[in-house]
Amino acid sequence: MKLAELGEFGLINRIAEKVAPSPSVPLGIGDDAAALLPAPGTVTLITSDMLLEGVHFDLSFCDPQSLGRKSLAVNLSDLAAMGAHPRHFLLGIAIPPRIPVDFIDLFTAGILEEAARFEVTLVGGDTCASQAGLVISITALGEQRPELVVKRSGAAAGDLIYLTGTVGDAAAGLRDLRQGVREGFLVQRQLDPQPRVAAGVALAEAGLASAMIDVSDGVLSDLSHICELSRVGARLDLDRLPLSPEYRASCGADPFALALSGGEDYELLFCARKERGGELQALFESQGLRLTEIGEIVAGEGVELVTASGSSYAPELRGFDHFG
Ligand code: ADP
Ligand code: MG
């Protein structure tokens, strides 16, 4: 079926009828605005991420269902990095007429599958026709008690720096996709990022993270954001960067380039006081998630890259910058 046959309101209804009701949404899709019930004692954390065809995704190698999951996942990752429980989201889509209804059905199924997994409810959005590429804009809302929200600005000299999971995989996966590879761990990491929601919430609620960010633009760029906002510097131990076996096998002579500057891994990068190391290890063991200490916050500014041999490393690539 073509979108022209379904029409704007047909499409909205088609999405709305698949949305499960939620007690925190007394009024959802269908009116001029939705009404939400916040949990008592919480602040709302709100974040927005746009995905543009040709910039963030390529329809020649990304299937609609994964695209749906990823569109929501990148927003949930931002909420995770604040330590917030994700609750609701809005979906804006601008769709070129060439896209079939089947595609939108699969895309919606992917989004709602991710939403069910993280117990977030679609509460509204906007739908337009696009004269250019497909545009997806999601705004996600989360909640947390105000004193538990983790900002980028709380790191202090002496804090240790940690990463969840592994880095570099998603960028290596994108490189593989562009070379025609269509499966494997790295491709999966690019197409289907896993937002670290449970870890982010647990870190916040245990008061363990002094500062936190999700790795969307690359470790180097994202750690620099923490340093700037916390007015500190960092010493990053390159030999400790958590790299997957698949990444190591494919990275060639320079194992650090994509791990530092590739981005899109959606892991959490956070700082914690040194004396909380034992608690952190226990928390991550219970979560079954890999945790790696990768360096230390120092007085001053900037990120210094060090290796075990003491040699310095000057990265060729910067993190992703839309205008850079
Ligand atoms: P208005 O013209 O008043 O902005 P719309 O006709 O755009 O309203 O939307 C009607 C209803 O459908 C609203 O509740 C809106 O939030 C919802 N909606 C529109 N597009 C989407 C979408 N892509 N996903 C979910 N809800 C949507
Ligand atoms: Mg509208």
Side-chain angles (χ1 to χ4, degrees), residues 1-39 44-59 62-80 84-143 191-193 195 197 266:
M1 191 177 7
K2 291 197 161 167
L3 277 169
E5 295 163 50
L6 191 58
E8 177 186 339
F9 300 104
L11 179 60
I12 295 173
N13 286 336
R14 209 172 163 92
I15 296 174
E17 68 193 14
K18 293 180 195 131
V19 174
S22 158
S24 67
V25 186
L27 189 59
I29 296 172
D31 216 310
D32 292 306
L36 310 177
L37 278 176
T44 299
L45 289 300
I46 179 164
T47 181
S48 193
D49 256 315
M50 200 145 72
L51 284 88
L52 308 181
E53 183 180 354
V55 178
H56 299 94
F57 61 90
D58 183 333
L59 291 182
C62 114
D63 68 281
Q65 211 151 338
S66 307
L67 181 63
R69 284 196 298 268
K70 181 169 177 174
S71 304
L72 184 55
V74 301
N75 281 277
L76 299 183
S77 179
D78 280 319
L79 292 176
H85 292 274
R87 296 284 192 225
H88 309 110
F89 70 105
L90 295 155
L91 169 64
I93 31 176
I95 316 171
R98 67 179 145 86
I99 303 257
V101 172
D102 277 357
F103 179 101
I104 300 298
D105 282 344
L106 289 168
F107 169 78
T108 308
I111 287 211
L112 294 178
E113 182 191 314
E114 190 80 353
R117 188 175 156 213
F118 291 98
E119 298 178 69
V120 293
T121 306
L122 177 59
V123 298
D126 202 17
T127 306
C128 313
S130 169
Q131 298 306 313
L134 176 65
V135 178
I136 303 155
S137 172
I138 289 187
T139 299
L141 297 95
E143 291 172 349
L191 296 180
D192 233 335
V197 172
Y266 298 101

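One-based numbering, in listed order, for ligands and for the atoms of each.
Taking every heavy atom of Gly30 and a limit of under 4.0 angstrom, the matching atoms of ligand 1 come to 11 (C), 13 (C), 14 (O). Contact atoms of ligand 1 toward Ile93: 23 (N) (distance under 4.0 Å to a heavy atom of the residue). Heavy-atom contacts of Ile12 reach the following atoms of ligand 1: 12 (O), 18 (N), 19 (C), 20 (N) (cutoff under 4.0 Å). Atom numbering of ligand 1 starts at 1 in the shown order; those under 4.0 Å from a heavy atom of Asp32 are 3 (O).
Contacts with ligand 1 closer than 4.0 Å are made by no heavy atom of Leu90, backbone or side chain. By the criterion of a heavy-atom distance under 4.0 Å, both the backbone and the side chain of Thr127 are placed next to ligand 1. Residue Asp126 touches ligand 1 through backbone and side chain together, judged by heavy-atom distances below 4.0 Å.
In this structure, Glu119 places its CD atom where only 12 or fewer heavy-atom neighbours from other residues, nucleotides or ligands lie under 6.0 Å away.
For the side-chain contact (heavy atoms from CB on, under 4.5 Å) criterion with His88, the lone passing option out of Val120, Val25, Thr139 is Val25.
Considering Val123, Ile111, Ile29, Ile15 only, the shortest heavy-atom separation from atom 17 (C) of ligand 1 involves Ile29.
For the pair Gly28 and ligand 1, the shortest N or O to N or O distance does not fall below 3.5 Å.
By the 4.0 Å N-to-carboxylate-O rule, Asp105 lies close enough to Lys18 to be salt-bridged with it.
Asp192 contributes no side-chain N or O that, together with a main-chain N or O of Ser66, makes up a donor-acceptor pair within less than 3.5 Å. Side-chain N or O atoms of Ser22 include one that pairs as donor or acceptor with a backbone N or O of Ser24 at under 3.5 Å.
Residues passing the side chain to side chain contact (heavy atoms under 4.5 Å, CB included) test with Ile12 are Glu8, Phe9, Ile29, Thr127, sequence neighbours excluded. Under the side chain to side chain contact (heavy atoms under 4.5 Å, CB included) criterion, Leu6 pairs with Met1, Leu11, Arg14, Val101, sequence neighbours left out.
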